Novice: 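Can you keep this structure in mind? I'll have questions shortly.
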Amino acid sequence: MYIYNSHTKQKEKFVPIKDNDVKVYVCGPTVYDDAHLGHARSSISFDLLRRVLKANGYNVTFVKNFTDIDDKIINKINTTGKTLQEITQHYIDSYLHDMGALGVQRADIEPKATESLDAMFELINILKTKGYTYELNGDIYFDTSKDENYCSLSHKCQDDAESRVSIEGKKHPADFALWKGCKGDGDVCFDSPFGKGRPGWHIECSAMIKKHIAYEGEFEIDIHGGGADLFFPHHENEEAQSSCAYGGHLAKYWMHNGFVNINGEKMSKSLGNSFFIKDALKVYDGEILRFYLMGTHYRAGLNFNEEDLLASKKRLDKLYRLKKRIYGLNKTNKDKDFEDRLLQAMNDDLNISKALAVIDEFIASANDELDKNPKDKSLKQKINSNINFIHNLLGIGGKDAYEYFQMGIDDDTKEKIEALIAKRDKAKKEKNFEIADQIRDGLKELGIAISDTPNGTIWEKI
RNA sequence: GGCAUCAUAGCCAAGUGGCUAAGGCAGGAGCCUGCAAAGCUCUGAUCCCCGGUUCGAAUCCGGGUGGUGCCUCCA
């Protein structure tokens, strides 16, 4: 397996730190609002990584945190009158629900910042003792000038003179708060060895990694992931804290997913073009959204566009139409060659385009063979096995093939459609094609497409 | 302003030194069908521009142009 390491800026062969185990930490959301398409893309990207690692036989421990203390959460507390717990739990549930709809598997460990304070205290204490910190207005800052390796991770730092950041009393623009002293009314404060206050943003990830999955030695974990925006300063700062406190480096491989843009520009609330997953799910099935969002390589930017999404859906439809042709089959017949080719594609830094091409070629040849040998049981079992493999590896193709094409249609309507089809079949038998075609046109106007097959007439929602 | 990153057919998107530049959507032709739909087969690009390296470049180097991102919370 090969992974593009954003630290070294090149594709590297993936070799776990220890035996067959792989420790992965992905930066999760700050839970102050519903999840948007960007969260979806990041989640799906690392969900694919996790599935591919497992398919390669690795024993994966996957950690994704929830940042449940932050300025924006405090704002929400002050504007809504709700408690921190009420707000964060609501958005955690909402996030997990939306990701579930997108076929993202739950992490093995889901730590919260507010439940990891002890680990943060330990880390801050070590940094204090080693002389990497200074105090300012009741806050504790990390002094980046004391870390001679600062910026060796992202290479995105710059001279003070070029920085747009205001200094605000900090010794250097890049210095960042490890602990923020309590600011009084309206603030949310926790007891700590440094007085009442709350953690800075970057400290939690380093602390949680140490607490839950870190190795002793050159690298604490195998893979650290997150959105491209987190590379600097968030990940740079995590690396700085962890390496200064514990020696070694935080992660062996760093992975960053590209952004979702809308109409060519970054999706963000200030631009008024953000797109919540829960709203998207009202219009599109989660699996269709997943398939669309994962169709562009995880490192590339993705420009969200409804036409592309529909084109992408048509590609997924083909998988389900094939699945229909072997409907009800339980037995499988392993197709080693197909599995190898598909996995090999994904092993190349999650090359989804290559993988989808392998799948499309499989679908075409399977349809062709089924046309020629409609009763070949071994062939059907092979197809069944391959679809199962695709489902496990990519998280698509797992639904009931008929339900997939009939989503969002209630039972009443289904009965009406079936009745019309029966009526049409009768007309067809009587060679009354004019009536048959009228019924078909009528269904089409209702958004229902029908096709005559050797096994009878079937229908799909258009 | 500084630093990244990208630029492949109408659209989406692989390919990063060498057979005829993957795959999908849309379009065209054919087979199949009562007619359709679905499915299958066939069909399209010399790779933003200029210069260079090389026997050979979409692929490496230099210079342009354009897009996006980061530098402030952000997936």
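In what follows, every chain begins at residue 1, and chains take the letters A, B, ... in the order their sequences are listed. Since we're looking at a predicted model, the values are computed, not measured.
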Novice: Would you say the base of B:rA36 and the side-chain of A:R440 have a donor-acceptor pair closer than 3.5 Å?
Specialist: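 Checked by distance alone, the answer is yes.
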Novice: Would you indicate what A:A357 reaches in the nucleic acid, counting non-hydrogen atoms under 4.0 angstrom: base, sugar-phosphate, or nothing?
Specialist: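 Base: the residue A:A357, judged by heavy atoms under 4.0 Å, touches a nucleobase.
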Novice: Determine the interatomic distance between P on B:rC25 and the same-named atom on B:rG51; round to the nearest Å.
Specialist: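 About 39 Å, rounded to a whole number of Å.
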Novice: Applying a 4.0 Å non-hydrogen cut-off, can you work out what A:T453 is touching in the nucleic acid: base, sugar-phosphate, or nothing?
Specialist: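 Contact class for A:T453: none.
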Novice: With a cut-off of less than 4.0 Å, is there a side-chain N or O of A:K314 near OP1 or OP2 of B:rA26?
Specialist: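 Affirmative; the distance criterion is met.
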Novice: Using the ring of A:Y134 (Phe, Tyr or Trp, six-membered ring only), decide whether A:K171 places NZ or CZ under 6.0 Å from its centre and within 45 degrees of its axis.
Specialist: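 Yes, a cation-pi geometry.
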Novice: Tell me whether the side-chain N or O atoms of A:D452 pair up with the base of B:rC32 as donor and acceptor below 3.5 Å, since no angle test is needed here.
Specialist: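 For A:D452, whose side chain was compared with the base of B:rC32, there is no donor-acceptor pair (under 3.5 Å).
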Novice: I want to verify a distance call: between B:rG39, B:rG34, B:rG23, whose nearest atom is closest to the A:D437 side chain?
Specialist: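 The nucleotide sitting nearest to the side chain is B:rG34.
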Novice: Mind checking whether A:F276 and A:H36 have ring centres under 6.0 Å apart?
Specialist: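 When the ring centroids of A:F276 and A:H36 are compared, they turn out to be at least 6.0 Å apart.
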Novice: Decide whether a cation-pi geometry holds between A:K324 and A:Y402; the criteria are a distance under 6.0 Å from NZ or CZ to the six-membered ring centre and an angle within 45° of the ring axis.
Specialist: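 Flagged: A:K324 positioned over aromatic ring of A:Y402.
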Novice: Both A:A364 and A:P29 contact RNA chain B. Which one's nearest nucleotide lies toward the 5' end?
Specialist: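 Between the two, 5'-proximity favours A:A364.
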Novice: Using a 6.0 Å cut-off, check whether atom NZ of A:K414 has over 12 heavy atoms from anything other than its own residue.
Specialist: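 Count over threshold, so yes.
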